[in-house]
Participant: 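Quick one: the structure is below, and I'll ask about it shortly.
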Amino acid sequence: MTPRFAHLDGETTELTNRLLALASRGLPAMYRSDTDEFAFTRVFTTTDDRVDAHLSGTSLRYAAIVALGVAWLPEADRPALLGGHCLDDFVTLLVERQQTSTNLGDIALIAWSAAQIGHPSLPDALRRLASADRRTAPEYVVEAAWVVSALATARGQADVEEHLAQARKRLLDSVFKGSPVFPHATGPGLVKGYRNHIACFADQVYPIQALARLHHSGDDKAALDAARVTAEQICRLQGPAGQWWWHYDARTGDVIEGYPVYTVHQHAMAPMALLDLAEAGGGDYDQSIRLGLRWLLGPAELGAGSETMLRDDDGLTVRKVFRGDPRKIVRGLHGVTTGVRSGLRMPVIDRVYRPTALDRECRPYEFGWLYFAWLASVHTPATEQQGR
């Protein structure tokens with residue numbers, strides 16, 4: 001199977017194929033067959049060459065993301081990754097559970113997964129999304145973006161135009177005037193005042209993706225332009241070793257705190273959003289994608305001879321490189337100082353807490369978005385691409 005944009009270069013083509021193979025080994029180990037659910041995370045420890053791992057929690061959200069990614073695999077490969085279920089039956093389970101969920105993000109992701117494969121329960125999923133979405137009330141930007149992606153995907157299968165217009169406006173209107181990045185919430189009330197200016201990387205990539213897919217579904221130049229502005233900003237600020245930084249000032253677009261650097265950002269979330277944008281006609285981001293991927297092969301923060309971020313045989317990726325600071329003190333202090341004045345920092349904190357710690361866990365959504373990043377397309381629905 002050839003990843004999209006495999007022409008980046010031979011090294012990154014080999015790496016993406018390696019990651020896809022790793023995911024196909026690791027994802028089945030994250031499924032709880034007794035309850036037909038995906039775990040929230042797979043935590044592991046390493047001793048010499050030995051890995052001990054255990055599952056923790058469950059996540060409906062992550063299950064929906066897995067469905068979105070697995071849909072792009074050949075039909076015969078899916079049951080092994082979905083607890084033995086075919087994709088249609090798995091999405092049926094998700095839609096049933098969606099009806100009792102109260103989380104807008106989970107509900108939107110399930111509607112998106114149903115729309116992507118043209119599932120018979122799509123009308124039920126869209127009704128639940130319509131009833132759960134408060135529309136004029138503030139929402140988290142990530143979840144607001146997923147609503148746009150779900151509805152844009154459902155176009156042509158259901159009448160979603162009124163809801164989509166409201167969701168589009170909410171997302172575009174959330175940006176601080178003149179800022180090149182998206183905030184953490186679409187309006188006041190969800191975030192404490194002293195953190196209102198702090199946005200994260202996820203707050204950027206999901207709107208980029210949603211607006212790119214919205215443009216492709218209905219020729220929306222304003223949406224495409226907004227996605228391009230944010231994409232160009234995060235690429236401009238990308239670290240010298242390919243790091244996709246974590247926290248941004250929603251007022252100015254500057255980096256507030258770079259760490260942690262998440263593996264999923266490097267191999268899946270950034271490529272996914274930027275490839276969707278490129279396919280929608282929003283620019284060329286090959287160099288940034290390539291640089292981000294190469295970080296996985298030897299994070300600059302860890303030095304030569306450090307533990308690898310990819311555990312191929314075990315189907316695991318190390319979740320992140322971070323500072324190891326107690327109670328996330330660096331993040332908190334940078335948030336406070338930049339709240340007083342944009343760009344104000346305390347360099348001594350960066351010297352004391354260096355980013356050399358590892359978070360040894362791996363979550364199902366990391367592999368769901370990995371499949372989506374490299375196998376999906378904004379041009380052809382999965383149902384047509386796979387001849388279902």
Side-chain angles (χ1 to χ4, degrees), residues 1-4 16-33 35-42 55 58-98 105-122 125 146 149-150 153-154 206 209 213 263-264 267-269 271-273 275-276 312 315-317 362-388:
M1 181 177 298
T2 302
R4 55 174 179 167
T16 52
N17 278 315
R18 175 185 172 187
L19 285 159
L20 291 166
L22 183 156
S24 294
R25 282 191 291 274
L27 199 54
M30 298 181 176
Y31 198 75
R32 294 185 178 275
S33 57
T35 57
D36 268 340
E37 296 174 282
F38 272 98
F40 176 74
T41 190
R42 189 178 177 206
L55 300 181
T58 60
S59 176
L60 182 61
R61 171 173 299 192
Y62 292 173
I65 294 171
V66 168
L68 283 164
V70 167
W72 297 93
L73 291 166
E75 188 171 358
D77 294 348
R78 300 172 192 161
L81 307 175
L82 299 174
H85 297 288
C86 70
L87 181 60
D88 281 350
D89 289 348
F90 187 73
V91 173
T92 296
L93 282 175
L94 295 181
V95 174
E96 289 172 353
R97 290 167 177 164
Q98 181 207 38
D106 297 5
I107 291 166
L109 286 164
I110 291 170
W112 184 3
S113 70
Q116 180 172 268
I117 65 171
H119 196 275
S121 295
L122 176 59
W146 287 339
S149 290
T153 305
Y206 293 122
Q209 178 185 40
R213 289 180 168 264
T263 300
V264 66
H267 70 62
M269 286 169 56
M272 175 179 70
L275 290 173
D276 277 0
D312 297 84
L316 292 163
T317 59
C362 185
R363 301 184 182 184
Y365 87 101
E366 300 179 38
F367 296 152
W369 285 145
L370 173 67
Y371 291 134
F372 202 101
W374 296 105
L375 304 178
S377 170
V378 296
H379 296 289
T380 307
T383 50
E384 295 179 11
Q385 178 169 314
Q386 299 160 2
R388 296 178 63 248

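Counting from 1, the numbers follow the sequence of the chain as shown.
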Participant: Taking side chain as C-beta onward, heavy atoms only, is His119 less than 4.5 Å from Ser113?
Facilitator: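 In short, these two side chains do not touch, never coming nearer than 4.5 Å.
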Participant: Less than 4.5 Å apart, any side-chain heavy atom of Trp374 and any of Leu275?
Facilitator: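 Answer yes - side chains close enough.
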Participant: Taking C-beta and beyond as the side chain, do Asp276 and Phe372 meet within less than 4.5 Å on heavy atoms?
Facilitator: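 In contact.
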Participant: Which heavy atom in Ala268 sits nearest to a heavy atom in Glu366, and how many Å separate them?
Facilitator: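 Taking every non-hydrogen atom into account, CB-O, 4.2 Å.
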Participant: Are the side chains of Ile107 and Trp146 in contact, using a 4.5 Å heavy-atom criterion?
Facilitator: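 With C-beta onward as the side chain, the pair stays apart.
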Participant: Quick one: are Leu27 and Val70 in side-chain contact, heavy atoms under 4.5 Å?
Facilitator: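 SC-SC contact between Leu27 and Val70 confirmed.
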Participant: Let me confirm one number: the OG1-CZ distance from Thr317 to Arg42, rounded to the nearest 0.5 Å.
Facilitator: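 Thr317 atom OG1 to Arg42 atom CZ measures 10.5 Å (nearest 0.5 Å).
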Participant: Report the residues that fulfil side chain to side chain contact (heavy atoms under 4.5 Å, CB included) with Ala125, sequence neighbours left out, ordered by chain and then residue number.
Facilitator: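 Once residues adjacent in sequence are excluded, the partners of Ala125 under the side chain to side chain contact (heavy atoms under 4.5 Å, CB included) criterion are Val95, Gln98, Ala111, Ala114.
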Participant: Determine whether a donor-acceptor pair (N or O, by modelled atom type, separation under 3.5 Å) exists between the side chain of His267 and the backbone of Thr16.
Facilitator: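 No: the side chain of His267 does not pair with the backbone of Thr16.
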Participant: What residues, two or more places apart in sequence or in another chain, satisfy ring pair (Phe, Tyr, Trp, His ring centres under 6.0 Å) together with Tyr62?
Facilitator: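 Partners of Tyr62 under the ring pair (Phe, Tyr, Trp, His ring centres under 6.0 Å) test: Phe40, Tyr365.
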Participant: Answer yes or no: is there a side-chain heavy-atom contact under 4.5 Å between Val66 and Leu81?
Facilitator: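 No; the side chains remain at least 4.5 Å from each other.
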Participant: Could you go step by step and tell me if Phe367 and Leu22 meet the side-chain contact (heavy atoms from CB on, under 4.5 Å) rule?
Facilitator: CA-CA 9 Å; Phe367 296 152; Leu22 183 156; 3.5 Å; yes
Participant: Report the distance from atom CG of Asp77 to atom CG of Leu87, rounding to the nearest 0.5 Å.
Facilitator: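 It comes to 12.5 Å.
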Participant: Mind checking the OG1-CZ spacing from Thr92 to Arg97? Nearest 0.5 Å is all I need.
Facilitator: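 Reported value, rounded in 0.5 Å steps: 11.5 Å.
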Participant: Going by the side chain to side chain contact (heavy atoms under 4.5 Å, CB included) test, name the single residue among Ile117, Leu109, Thr153 that passes it with Leu68.
Facilitator: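 Of the listed options, the one satisfying the test is Leu109.
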Participant: Taking salt bridge (charged side-chain N to carboxylate O under 4.0 Å, His left out) as the test, write out the residues that go with Arg18, two or more places apart.
Facilitator: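 Only Asp312 meet the salt bridge (charged side-chain N to carboxylate O under 4.0 Å, His left out) criterion with Arg18.
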Participant: Residues in side chain to side chain donor-acceptor pair (under 3.5 Å) with Ser24, at least two apart?
Facilitator: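 Ser24 satisfies side chain to side chain donor-acceptor pair (under 3.5 Å) with Tyr371 once adjacent residues are dropped.
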Participant: Going by the rule salt bridge (charged side-chain N to carboxylate O under 4.0 Å, His left out), which residues pair with Arg61 if we only count those two or more places apart in sequence or in a different chain?
Facilitator: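 Scan of Arg61 (salt bridge (charged side-chain N to carboxylate O under 4.0 Å, His left out), adjacent residues dropped) gives Asp106, Glu143.
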Participant: Any chance you could measure Ile65, atom CD1, to Phe38, atom CZ, to the nearest 0.5 Å?
Facilitator: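 Spacing of CD1 (Ile65) from CZ (Phe38) equals 11.5 Å.
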Participant: Minimum heavy-atom separation for Val91 and Ala67, please, with both atom names.
Facilitator: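 That would be CG2-CB, 4.3 Å.
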Participant: Which pair of non-hydrogen atoms, one from Ala64 and one from Leu94, has the smallest distance, and what is that distance?
Facilitator: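 Smallest heavy-atom distance, with atoms named: CA-CD1, 3.8 Å.
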Participant: Using every non-hydrogen atom in the two residues, find where Pro79 and Ala76 come nearest and quote the distance to one decimal.
Facilitator: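 Closest pair (atom of Pro79, atom of Ala76, distance): CD-O, 3.7 Å.
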Participant: Output the distance between atom OG1 (Thr58) and atom CZ (Arg32), rounded to the nearest 0.5 Å.
Facilitator: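 Here the rounded value is 7.0 Å.
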Participant: Describe, in one word, how the ring planes of Tyr206 and Trp369 are oriented to each other, choosing from parallel (under 30°), tilted (30 to 60°) and perpendicular (over 60°).
Facilitator: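 It falls in the tilted class, 30° to 60°.
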Participant: Quick one: does any side-chain atom of Arg78 pair with a main-chain N or O of His85 as donor and acceptor, under 3.5 Å?
Facilitator: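 It does not hold such a pair.
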Participant: Can you tell if the side chain of Ile110 reaches within under 4.5 Å of the side chain of Leu60, non-hydrogen atoms only?
Facilitator: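 Yes, close enough: below the 4.5 Å cut-off.
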Participant: Let me confirm one number: the CG-CG distance from Leu73 to Leu20, rounded to the nearest 0.5 Å.
Facilitator: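 Rounded to the nearest 0.5 Å, the CG-CG separation comes to 8.0 Å.
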Participant: Would Cys362 and Met30 count as a side-chain contact (heavy atoms from CB on, under 4.5 Å) if you check the C-alpha gap in whole Å, the side-chain angles of each, and the deciding distance to 0.1 Å?
Facilitator: CA-CA 9 Å; Cys362 185; Met30 298 181 176; 3.5 Å; yes
Participant: Measure across Ala115 and Ala150 and return the closest heavy-atom pair with its distance rounded to 0.1 Å.
Facilitator: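 For Ala115 and Ala150, the tightest heavy-atom pair comes out as CB-O, 4.2 Å.
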Participant: Can you list everything that forms a side chain to side chain contact (heavy atoms under 4.5 Å, CB included) with Ser149? Sequence neighbours excluded, please.
Facilitator: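 Per chain and number, Ser149 pairs via side chain to side chain contact (heavy atoms under 4.5 Å, CB included) with Trp112, Ala210.
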